[in-house]
There are 2 protein chains.
Amino acid sequence: MPDPRPPTIKDVAERAGVSKSLVSLVMRGSAKVSEQRRAAVVAAAAELGYRPNAVARSLVRQRSHVVGLMLSDIHNPYFAEVASGVESAAALGGYRALFNSGSRRPTAEREAMETLLELRVDGLVLAGPVLATRDIAAAARSVPLVLVARASRSAGFDSVTNDDRRGGAIAVEHLVALGHERIAHISAGAAAGARSRRTGYERAMARAGLSSRIRVVSGSFTEEGGYEGMRRLLAGGERPTAVFVANDLAAIGALQAADDAGVSVPADVSVVGYDNTALAALGRIDLTTIDQPGAELGAMAVELLFERIEGRRDDRHIVVTPSLVVRSTTGPPPS
Amino acid sequence: MPDPRPPTIKDVAERAGVSKSLVSLVMRGSAKVSEQRRAAVVAAAAELGYRPNAVARSLVRQRSHVVGLMLSDIHNPYFAEVASGVESAAALGGYRALFNSGSRRPTAEREAMETLLELRVDGLVLAGPVLATRDIAAAARSVPLVLVARASRSAGFDSVTNDDRRGGAIAVEHLVALGHERIAHISAGAAAGARSRRTGYERAMARAGLSSRIRVVSGSFTEEGGYEGMRRLLAGGERPTAVFVANDLAAIGALQAADDAGVSVPADVSVVGYDNTALAALGRIDLTTIDQPGAELGAMAVELLFERIEGRRDDRHIVVTPSLVVRSTTGPPPS
DNA sequence: GACGGGTATTGGAACGTTCCAACAGGAAGG
DNA sequence: CCTTCCTGTTGGAACGTTCCAATACCCGTC
């Protein structure tokens with residue numbers, strides 16, 4: 001018993017004894033159709049279990065009413081927040097959101113993005129992509145595109161970010177105010193935002209007269225990256241009294257490494273994360289971090305997308321100012 | 001300067017001086033096309049920046065090569081694990097995965113599911129839906145469908161779950177073995193799997209001769225639910241010495257409530273979660289929990305989907321056995 | 001009873017692909 | 001030199017909608 005094809009508008013039309021055009025009118029809620037016919041169509045559709053085919057519709061309308069969202073890393077709770085912001089803002093505008101994920105690998109990200117493009121989404125949001133700017137710019141040539149959580153001076157698309165450089169500086173300033181001097185940084189290499197956070201760290205260190213204390217080890221935006229970075233910091237040379245970690249996920253890995261090494265936080269070493277994810281707020285973690293409101297950034301991204309869909313051509317780059325959230329992983333340096 | 005329409009197969013054909021059929025052949029990598037023409041087509045496509053239109057393709061092929069995944073709650077890291085399992089298994093089979101989320105609300109879930117159905121995905125995976133079984137069965141009538149992390153005896157679709165009842169029992173048995181008697185449960189009401197975990201708890205209590213000690217407070221699969229539940233348990237009546245919480249997220253909320261109330265874990269009260277998410281493994285949390293391998297369940301779901309797409313008609317219900325992961329939130333009861 | 005004017009309804013083209021049957025054109029065989 | 005066969009190529013139908021221009025219908029007016 002091969003599954004019969006799903007009913008089409010034509011089947012509904014036949015059963016209701018009207019033309020397919022009329023059915024189309026009814027399905028789209030047109031006002032100019034007689035009550036009697038409407039009822040007949042609605043009944044026929046219900047009996048057949050008719051569901052409009054969005055594929056056919058977007059083909060003819062040249063509009064899918066879908067915004068695509070490529071998440072760089074689905075395991076990072078920060079992106080989950082971005083996603084929910086995107087989803088609700090899209091719904092508000094009568095659009096639906098569809099996600100994807102590229103496991104923090106450029107090739108996987110490009111494929112994920114390509115999938116969305118081939119589906120002809122009306123707009124594309126890229127959250128924290130590690131993709132080459134060149135590829136992003138190319139994609140932006142064929143669809144309205146907004147970057148979230150990654151800055152760009154590039155033309156052809158919009159972006160919504162927080163001021164990562166400022167955020168990095170805020171972290172350092174907080175630690176300096178507490179009396180720290182040996183402040184190290186676990187960076188996330190070339191990942192989105194990582195470079196600026198590092199620059200913010202370095203400049204703030206210089207401003208505080210601590211240029212000679214600058215110490216950066218490379219990690220990544222993952223727990224493992226943070227763990228490894230902290231392990232190296234604790235192992236070799238002069239131990240830092242404070243560490244600014246590239247994001248919350250990595251900071252949690254760093255906390256773990258400190259715990260494992262019997263180094264207590266914040267008594268022996270202070271730790272600052274970035275993103276203020278739900279993770280950081282957990283009582284047991286209670287991580288001092290830099291707040292960057294994910295859901296809001298996601299929602300703003302969709303707003304920008306809508307404007308572009310409406311025809312705006314100039315580039316808009318929104319930069320929100322991050323803020324410090326002090327919790328219990330930072331304190332004065334050991335005396 | 002209105003954005004020109006993206007180039008179509010016809011544009012490529014014209015530029016390469018061949019028919020659109022030939023272009024189609026080349027794009028799909030057919031062997032039977034001369035090297036000379038192929039080169040011309042490839043060049044023309046590159047020059048125009050041609051990207052095949054997946055919408056048109058799925059319309060005519062009646063196949064989208066996309067599997068849809070509806071996540072009940074995008075903030076629950078457990079579902080992120082399911083999602084990555086789904087995504088990689090889909091990729092292995094030459095399919096792409098697209099996500100959605102219903103915010104643990106039946107209406108939002110139904111809408112999310114409907115979106116996917118209208119897009120005519122080839123298969124649908126629902127992860128932990130709170131949707132009515134009736135709605136799921138209805139959807140299963142029009143597309144191969146697999147339920148993950150929610151059991152069902154219903155016909156017409158497959159499911160992949162762990163044995164929640166057994167899991168609940170394992171948690172109780174562990175606590176009983178440690179010497180606990182006043183073991184309470186924070187349930188998640190009618191959410192997917194919650195009922196069975198509760199039944200498992202109740203039956204295991206009875207088997208241990210602790211029927212009179214059974215105490216259930218209602219919560220949800222969220223931090224807030226767990227926090228609230230624990231608060232109530234600590235406030236009223238005889239305080240339990242151990243609590244089995246419906247999932248990790250809620251267990252973390254419960255830990256928080258214990259911390260806030262100055263109740264120490266596990267000295268005063270032991271806590272067991274469910275899911276063994278990455279959260280539970282964090283050193284600072286180190287939650288004893290019941291393991292249910294999310295990524296694997298997701299991958300299995302896709303396997304089942306593939307079989308159904310290939311034509312299998314009978315229902316398959318895979319139930320994996322959960323296992324105990326002992327960490328530091330459980331210990332003997334206070335003496 | 002013819003006419004005008006609005007409103008409800010309809011057929012057919014279009015959207016960008018794939019698929020299939022049909023067709024060139026050259027090589028091989030008689 | 002004519003068939004036959006194969007290989008590469010092509011036009012056109014189909015997929016399920018929307019949209020537009022055209023038509024049918026009804027009502028009131030003269």
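Numbered from 1 within each chain, the chains take letters A, B, ... in sequence-line order.
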Is B:D135 paired with B:R110 through a side-chain N to carboxylate O contact shorter than 4.0 Å?
-> yes
Any side-chain N or O of A:R120 less than 4.0 Å from the OP1 or OP2 oxygen of C:dG16?
-> no
Would you kindly give the NE2-to-C1' distance between B:H65 and C:dT18, to the nearest whole Å?
-> 12 Å
Between D:dT17 (C1') and A:K10 (NZ): distance, integer Å = 13 Å
Using a cut-off of less than 4.0 Å, is there contact between a side-chain N or O of A:R28 and OP1 or OP2 of D:dC19?
-> yes
Ring center gap for A:Y95 and A:F306 short of 6.0 angstrom = yes
Name the one of B:H317, B:R312, B:R316 that satisfies side chain to side chain donor-acceptor pair (under 3.5 Å) with B:D158?
-> B:R312
Nearest-angstrom distance from the residue atom CD1 of B:I9 to P of C:dC19 | 11 Å
Indicate whether the side chain of A:R150 and that of A:T161 have a donor and an acceptor atom separated by less than 3.5 Å.
-> no
Rounded to whole angstroms, how far apart are CG on B:L119 and P on D:dT17?
-> 13 Å
Can a salt bridge be assigned to the pair A:E87 and A:R96 using a cut-off of 4.0 Å between side-chain N and carboxylate O?
-> no
CG-CG distance between B:N100 and B:L126, expressed to the nearest 0.5 angstrom | 10.0 Å
B:R57 CZ to D:dG16 C1': how many Å, rounded?
-> 18 Å
Take atom CG of A:N53 and atom P of D:dT18, then tell me their distance rounded to the nearest Å.
-> 10 Å
B/S/- contact track for nucleotides 8-15 of chain D, protein heavy atom under 4.0 Å | SSBBBBBB
Whole angstrom is fine here: how far is it from CD in A:E35 over to P in C:dT7?
-> 17 Å
